[in-house]
Amino acid sequence: MNYKMMIRIHAWLLILEVAFMVPALVISMYTGDGPAVRGFVWTMVIALGISALMFLLTRHAEHKFYAREGMVTTGMAWITLSLVGCLPFFISGRIPNYIDAFFEIVSGFTTTGASICPDVEALGKGILYWRSFSHWVGGMGILVFYLAIAPADGKNDGSTLHILRAESPGPSVNKMVPRMRDTASILYKLYIVLTVLDIIFLLIGKMPVFDAFCIAYGTAGTGGFSVLNSGCATYTPFAQNVTTVFMLLFGVNFSLYYLIVLKHVSQALHDEELRLYLAIVFTSIVLIAINIFGKTADTSSLEPTIRHSAFQVASIITTTGYSTVDFDQWPNFSKAILICLMFVGACAGSTGGGIKVSRVLLLWRNLRRNMHSIFHPNEVRVVKMNGSRVDEQTLKNVSSYLAAYVFIVIITFLIISADPGNFDLTTNFSAVMATFNNIGPGLAKVGPTCNFSIYDNLSTFVLSIAMLLGRLEIFPILAIMSPSTYKKA
């Protein structure tokens, strides 16, 4: 294991984190929020001090970097950034419990949007900005950002390849261009353009400037932290519709946008994962709209019924977690659809969480192939996607992911169910699904009008780890925990 190189990457990431905090510090100074200013300044001093020590200890680091280094570096980086990133909440006193503060920033970086804060407006605008910006950083991935701006000296090609594969969501990571570093740069350019467009349209929809930036950060990262206690309910219907559209856009594989930029529009539109994603979204909106029409004051007429059902479907399938209504009051059939969407998630290569539409498609086709082989054992069939054969290793990885997914959900659910609060099964199960799939709100006592402050420190910490497992798609965190990772080959 090349520990020195791994530590050096962490040092650079801490410097990036400090740079990301600067706008939040400026906002806190402008609004005269003394405790928040103190929180950010002390956090920056601590982070820079740790970073300087790391650089000092790794002056002669070798650049050899392999898959396991990539896995461990990615997992540890997210933990390190969260341990430091939560300090402004804790030092400022806005979230006096460190475990709660850790949960809050993990929820931000992993783009979950679950919160322990009953009154978010009391946090102050600087803290709110940092909280929302953590969504934007975590959406595409802070290590991807590091790779996109790091000097291209040719020495770090190994780290670029393995880190990008470890952090990027989906069954496999494909190069858009020959160099992985250029791929990371392209991803962030597309990400920035879409974010800016979202902000512009929200401003056109008469959303306050501060809110527009924060909501756009959450939409881009498919997070879900709101800056108002009412969520997105008080914004104009136009702003809500804009957010619905952009949530769905950020749930699409970013490689398709690159194809569109290259004018390969037909190839992008014929992508099988995209088609299934849109089909699931459209079907869910129609079924929920029919089911909730006339059932509540918010759905007494056709326009708000379609708007709210479309917003919540987009919010849940992309794992954003914003809400315009209390969907926990909807009929059971509609809530069941939303729970199913929690499992499915967005497209691979997007900023969304969940199992991913491509994995669902591959699992279905592999199941169909295996069923066929029972009756025709001598016939050889292959699984295809977009006309190309899917290699057997990818199918094995998808099956391994599903097995790990189920195992982690069960273990986490059992631990949460032992919480002294003795909460009902719906609350506990939806809390696990909402955090592990990076959704945000669950049902019952962790529904869209509630929060996660009901749990004790152990449950809160376990749910924090669940968020990290979900965002990094399990294996980087498991690699940290596995003793075999650190054995010499």
Side-chain angles (χ1 to χ4, degrees), residues 113 115 120-121 132 197-208 210-212 214-216 218-220 222-252 277-342 344 346 352 430 434 439-444 446-451:
S115 179
V120 298
E121 293 176 40
S132 293
L197 287 174
D198 189 14
I199 292 171
I200 291 171
F201 278 104
L202 289 175
L203 292 174
I204 293 173
K206 299 180 181 179
M207 187 179 286
F210 179 80
D211 294 35
C214 291
I215 295 299
T219 304
T222 61
F225 281 149
S226 181
V227 294
L228 299 176
N229 293 327
S230 58
C232 293
T234 56
Y235 298 129
T236 65
F238 177 83
Q240 292 176 0
N241 289 332
V242 166
T243 302
T244 298
V245 170
F246 276 92
M247 283 191 291
L248 292 173
L249 289 175
F250 282 105
V252 173
Y277 169 69
L278 295 177
I280 293 171
V281 168
F282 178 77
T283 304
S284 300
I285 291 172
V286 171
L287 291 175
I288 290 177
I290 293 172
N291 187 235
I292 67 174
F293 184 66
K295 300 288 176 64
T296 65
D298 296 313
T299 58
S300 57
S301 60
L302 188 60
E303 187 277 327
T305 300
I306 295 175
R307 172 161 44 88
H308 292 312
S309 59
F311 188 98
Q312 293 311 148
V313 166
S315 180
I316 298 300
I317 195 171
T318 61
T319 70
T320 305
Y322 285 141
S323 61
T324 55
V325 292
D326 183 5
F327 55 79
D328 195 35
Q329 302 301 315
W330 286 358
N332 286 335
F333 178 69
S334 294
K335 289 192 286 186
I337 292 174
L338 294 180
I339 289 176
C340 291
L341 296 179
M342 287 184 183
V344 174
S430 65
I439 305 290
L443 299 173
V446 290
T449 61
C450 306
N451 58 76

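When a residue number appears, it is its place in the shown sequence, counting from 1.
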**Item:** Partner of Leu202 by side-chain contact (heavy atoms from CB on, under 4.5 Å), out of Leu197, Asp211, Ile215, Thr236
**Value:** Ile215

**Request:** Determine, step by step, whether Ile292 and Ser309 satisfy the side chain to side chain contact (heavy atoms under 4.5 Å, CB included) criterion, reporting the C-alpha distance in whole Å, the side-chain angles of both residues, the deciding distance to 0.1 Å, and the verdict.
**Result:** CA-CA 8 Å; Ile292 67 174; Ser309 59; 4.3 Å; yes

**Request:** Answer whether the closest heavy-atom distance between the side chains of Tyr277 and Val344 falls below 4.5 Å.
**Result:** no

**Shortest non-hydrogen contact from Gly205 toward Ala239** = O-CB, 4.2 Å

**Non-hydrogen atoms of Ser226 and Cys232 that approach each other most closely** = OG-N, 4.4 Å

**Message:** Heavy-atom count check: over 12 atoms from other residues, nucleotides or ligands less than 6.0 Å from Phe282 CZ?
**Reply:** no

**Request:** Working to the nearest 0.5 Å, report the span between OG of Ser334 and CG of Asn291.
**Result:** 3.5 Å

**Fill in**
The reported gap from OG1 in Thr243 to CZ in Phe201 (rounded to nearest 0.5 angstrom) is 12.0 Å

**Asked** Counting only N and O atoms by type, is there a donor-acceptor contact under 3.5 Å from the side chain of Ser315 to the main-chain atoms of Tyr322?
**Response** yes

**Asked** Under 3.5 Å, side chain of Glu121 to main-chain N/O of Leu228, donor-acceptor pair present?
**Response** no

**Request:** State whether the side chain of Asp326 and the backbone N or O of Thr449 hold a donor-acceptor pair below 3.5 Å, judged by distance alone.
**Result:** no

**Prompt:** How about Phe225 and Val120: do any of their side-chain heavy atoms sit closer than 4.5 Å?
**Reply:** no

**Prompt:** Could you go step by step and tell me if Thr324 and Gln312 meet the side chain to side chain contact (heavy atoms under 4.5 Å, CB included) rule?
**Reply:** CA-CA 8 Å; Thr324 55; Gln312 293 311 148; 3.6 Å; yes

**Request:** With rounding to the nearest 0.5 Å, note down the distance linking NZ in Lys335 to SG in Cys340.
**Result:** 13.5 Å

**Message:** Please report the interatomic distance CZ(Phe246) to CD1(Ile199), rounded to the nearest 0.5 Å.
**Reply:** 10.0 Å

**Request:** Kindly give the heavy-atom pair with the smallest separation between Met247 and Ala314, and that separation in Å.
**Result:** CE-CB, 4.0 Å

**Message:** Tell me whether Thr299 contacts the main-chain N or O of Phe293 through its side chain, where contact means a donor paired with an acceptor under 3.5 Å.
**Reply:** no

**Message:** Walk me through whether Phe333 and Leu287 qualify under side chain to side chain contact (heavy atoms under 4.5 Å, CB included).
**Reply:** CA-CA 9 Å; Phe333 178 69; Leu287 291 175; 4.1 Å; yes

**Complete:** Between the CZ atom in Arg307 and the CD atom in Glu303, the distance rounded to the nearest 0.5 Å is 4.0 Å

**Request:** Measure the CD1-OG1 distance between Ile316 and Thr222 for me, rounded to the nearest 0.5 Å.
**Result:** 11.5 Å

**Message:** Could you walk me through whether Val245 and Asp198 satisfy the side chain to side chain contact (heavy atoms under 4.5 Å, CB included) test, starting with their C-alpha distance in whole Å, then the side-chain angles of each, then the deciding distance to 0.1 Å, before giving a yes or no?
**Reply:** CA-CA 9 Å; Val245 170; Asp198 189 14; over 6 Å; no

**Request:** Could you verify whether a donor N or O on one side chain and an acceptor N or O on the other, from Ser115 and Asn451, lie under 3.5 Å apart?
**Result:** no

**Prompt:** Above 12 or not: heavy atoms from other molecules or residues under 6.0 Å from NZ of Lys295?
**Reply:** yes

**Prompt:** How far apart are the closest heavy atoms of Tyr235 and Val227, and which atoms are they?
**Reply:** OH-CG2, 3.7 Å

**Asked** So which heavy atom on Thr219 is nearest to which on Phe250, and how close?
**Response** O-CD1, 3.6 Å

**Asked** Which heavy atom of Leu341 sits nearest a heavy atom of Ser284, and at what distance?
**Response** CD2-OG, 3.7 Å

**Message:** Any non-hydrogen side-chain atom of Leu443 less than 4.5 Å from a side-chain atom of Ile339?
**Reply:** yes

